[in-house]
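All remarks here apply to the structure that follows.
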Amino acid sequence: MSIAIADVAVFGETPSEEFTIRPDADRILAGSPDQTAWNYFTDRTGQFSTGIWEGAPGVWRVVFTENEFCHLMSGTVVVRDEAGGERTFRAGSSFVMPAGFVGTWEVVETARKLYATFEAAL
């Protein structure tokens, strides 16, 4: 099957699938971290997807089962590992969260990011 230019996902033009996300109550450590994601593309295998995510201030525990490329478009987030190490990311930052990372994700001020995730099939 051939892929055509009509199959190219264009953010803001291609219809997106919108998801409302809230971490499980036992993972929330502070705030009200309500989130929305607009997924613009998922490949045929379901392993790769990309879109835009927005999150409200709060702190929650995370366990990444996927590799995720992030480009922060606005806001500030602080990511902490289980040993207490931390990194602060601000608008313009690009980074990858590797599968297997366990720690906390804090949205300091409402944040918006472009994301691309890959989760290998088991």
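When reading the values below, keep in mind they use all heavy atoms of this one structure, side chains included, and skip hydrogens, waters and symmetry mates.
Of all heavy-atom pairs spanning R22 and P33, the tightest one is NH1-N, 3.9 Å. The shortest non-hydrogen separation linking V107 to G55 is CG1-O, 3.5 Å. For the pair S74 and A91, the tightest heavy-atom approach, listed with the atom from each and the gap, is CA-CB, 3.7 Å. Smallest separation of non-hydrogen atoms from L72 and A111: CD1-CB, 4.0 Å. Shortest non-hydrogen contact noted between I28 and P23 is CD1-O, 3.6 Å.
Between the CZ atom in F101 and the CD atom in E82 there is a gap of 8.0 Å [rounded to 0.5 Å]. Put simply, CZ on F41 and OG1 on T50 are 9.0 Å apart, with the number rounded to the nearest 0.5 Å. Distance check: T104 OG1 to L29 CG gives 7.0 Å after rounding to the nearest 0.5 Å. Annotation: the span from S94 atom OG to L114 atom CG amounts to 8.5 Å, rounded to 0.5 Å. In this structure, NE2 on H71 lies 10.0 Å from CZ on F95, to the nearest 0.5 angstrom.
Remark: side-chain polar atoms of D24 are not paired, donor with acceptor, to backbone N or O of R27 under 3.5 angstrom. At least one donor-acceptor pair closer than 3.5 Å links the side chain of R61 to the backbone N or O of D26. A donor-acceptor pair under 3.5 Å links the side-chain atoms of N67 to the main chain of A99, judged by distance alone. A donor-acceptor distance shorter than 3.5 angstrom exists from the side chain of Q47 to the backbone of A121, with no hydrogens or angles considered.
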Trace of the side chain to side chain contact (heavy atoms under 4.5 Å, CB included) decision for T36 with E18 = CA-CA 7 Å; T36 303; E18 184 174 323; 3.8 Å; yes
task = Decide side chain to side chain contact (heavy atoms under 4.5 Å, CB included) for T20 and D34; before the verdict, give the C-alpha distance in whole Å, the side-chain angles of both, and the deciding distance to 0.1 Å.
result = CA-CA 8 Å; T20 300; D34 295 320; over 6 Å; no
inquiry  = One pair to check against side chain to side chain contact (heavy atoms under 4.5 Å, CB included): C70 and F89. What are the steps and the verdict?
reply    = CA-CA 10 Å; C70 305; F89 301 102; over 6 Å; no
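Side-chain contact between N39 and S16 is absent, with no heavy atoms from C-beta onward closer than 4.5 Å. Residues E54 and I52 form no side-chain contact, since every pair of their non-hydrogen atoms from C-beta on lies 4.5 Å or further apart. By the 4.5 Å heavy-atom criterion applied to side chains, I5 and D7 are not counted as neighbours. Under the 4.5 Å side-chain criterion, counting only non-hydrogen atoms from C-beta, E68 is in contact with K113.
When the side chains of ILVMFWY residues are joined at heavy-atom separations under 4.5 Å, either directly or via intervening members, F64 and W53 end up in a single hydrophobic cluster. Grouping the Ile, Leu, Val, Met, Phe, Trp and Tyr side chains by contacts below 4.5 angstrom, directly or via other members, places V96 apart from F48. Hydrophobic clustering of Ile, Leu, Val, Met, Phe, Trp and Tyr side chains at less than 4.5 Å, counting indirect connections, unites V62 with V79.
Residues E66 and T117 bring no donor and acceptor atom of their side chains to less than 3.5 Å of each other.
Aromatic ring centres of Y40 and F11 lie closer together than 6.0 Å.
A salt bridge does not link R90 to E109: none of the charged side-chain nitrogens sits closer than 4.0 Å to a carboxylate oxygen.
Taking the six-membered ring for Trp and thresholds of 30 and 60 degrees, W60 and W105 have ring planes inclined between 30 and 60 degrees apart.
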